[in-house]
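As the structure is a prediction and not an experimental result, all values here were calculated from the model. Order of the sequence lines sets the chain letters (A, B, ...), proteins ahead of strands, with each chain counted from 1.
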2 protein chains.
Amino acid sequence: MSDLLGRLRGRGWRMTSQRRVVAEVLDGDHVHLTADEVHLRAAARLPEISRATVYNTLGELVALGEVLEVSTVGRAKRYDPNARNPHQHLVCSGCGTVRDVHPVGNAIGDLPEEERFGFAVGSVEMTYRGLCPACA
Amino acid sequence: MSDLLGRLRGRGWRMTSQRRVVAEVLDGDHVHLTADEVHLRAAARLPEISRATVYNTLGELVALGEVLEVSTVGRAKRYDPNARNPHQHLVCSGCGTVRDVHPVGNAIGDLPEEERFGFAVGSVEMTYRGLCPACA
DNA sequence: TTCTTGACTTGGACGAAGTCCATCGTAGGA
DNA sequence: TCCTACGATGGACTTCGTCCAAGTCAAGAA
Ligand SMILES: [Mn+2]
Ligand SMILES: [Mn+2]
Ligand SMILES: [Zn+2]
Ligand SMILES: [Zn+2]
């Protein structure tokens, strides 16, 4: 993720302190923050950053494919910087913790031809659910 | 789904015209309506039904396991009356159409032990994405 | 059949998440 | 150093959903 700033510069992005701070907050493994959490952590380093800028930057990163949006049931979207590594998610039904996982097998191949309804199927998202050790 | 009213009565539900109409709207295959769509269709039969009652009834049906909530990316939740038949979803990236599908294979078994992080994994949700014939 | 009562419905206020926009500020090239 | 187009800002606005006090009525009792 530290190379992200270089890639953005290469795409002609004007490098601002706000964008740098948002990119720094999105660094690490198993990171799946909501926009408000990103704003909170960014504001710890750059107190005057606005919510609108966080939303703008996250939206731009998603459009560039540098960050993935993870939808949750009825809660705020989560932003996942681990976009270069295809993966799925394991979510704790108790506390909501999210882990990146890599199932084996070919999930797309498991969809029978007669259930494709003529669609050109391109991808599949999988969410495993269960209780984490702390919640069990 | 027509048996739903009987099951609800068996659970001690007071049978009101509002609940009957919501149950009727949720009848059929490949039905994945938003709460507002349910309200719109219910109001066609019972014009004075309120949004609050639609939300209340949907929430109760979900709590009883008679209806499933399907989360979408950033849009309103969808309500799925096909809860007695375990299935996954195929979604058109163009128009948003949702079809019920039944992949073969054992998706839970495809999650390696070393990636379970000690979780008791109980279920997996899969969303296939692609373009439907009309959008392609 | 009528009465009674607590479960159900209603509309509107409220809240959380996210978008939009006019205005101001500044990164980075000339 | 100066210019200016791109980006940041904050507040209004929208969408989706929840909550509540007050009124209504389904269904059991008599
Ligand atoms: Mn992830
Ligand atoms: Mn379904
Ligand atoms: Zn947990
Ligand atoms: Zn389509």
_Looking at B:Arg129 and A:Glu125, is there a salt bridge between them, counting it only when a charged N and a carboxylate O are closer than 4.0 Å?_
yes
*asked:* Between B:Arg116 and B:Leu111 (side chain of the first, backbone of the second, donor and acceptor by atom type, cut-off under 3.5 Å), is there such a pair?
replied: yes
*Which parts of nucleotides 18-23 of chain C does protein reach within less than 4.0 Å, heavy atoms only, written one letter per nucleotide 5' to 3' as B for base, S for sugar-phosphate only and - for none?*
BBB---
*Would you confirm whether B:Glu115, through its side chain, and A:His102, through its main-chain N or O, come within 3.5 Å as a donor-acceptor pair?*
yes
_Gap between atoms CD1 and C1', on A:Ile49 and D:dT9 respectively (whole Å)_ = 11 Å
Short N/O separations, protein against nucleotides 24-30 of chain C, under 3.5 angstrom:
from	atom 1	to	atom 2	distance (Å)
C:dG28	OP1	A:Met15	N	2.8

_Check this one for me: any side-chain N or O of B:Gln18 less than 4.0 Å away from OP1 or OP2 of C:dT10?_
yes
*Taking only Lys NZ, Arg NE, NH1 and NH2, and the carboxylate oxygens of Asp or Glu, determine whether A:Glu24 and A:Arg41 approach each other closer than 4.0 Å.*
no
*How many Å lie between CZ on B:Arg11 and P on D:dA26, as a whole number?*
22 Å
*Can any side-chain N or O of A:Gln88 pair as donor or acceptor with the backbone N or O of A:Met126 at less than 3.5 Å?*
yes
*asked:* Just the rounded figure in Å: distance from C1' of C:dA16 to CG of A:Leu40.
replied: 16 Å
*Any side-chain N or O of A:Ser50 under 4.0 Å from OP1/OP2 of D:dA8?*
no
_Nearest whole Å is fine: how far is D:dA8 P from A:Leu58 CG?_
12 Å
_Keeping B:His39 on the side-chain end and B:Glu37 on the backbone end, is there a donor-acceptor pair under 3.5 Å?_
no
*When you check the side-chain N and O atoms of B:His30 and B:His32, is any donor under 3.5 Å from an acceptor?*
no
*Kindly point out which of D:dT9, C:dT10, C:dC8 is positioned nearest to the side chain of B:Arg19?*
C:dC8
*I would like to know whether A:Val124 and B:Tyr128 meet side-chain contact (heavy atoms from CB on, under 4.5 Å); could you show each step before the answer?*
CA-CA 4 Å; A:Val124 58; B:Tyr128 290 89; 3.8 Å; yes
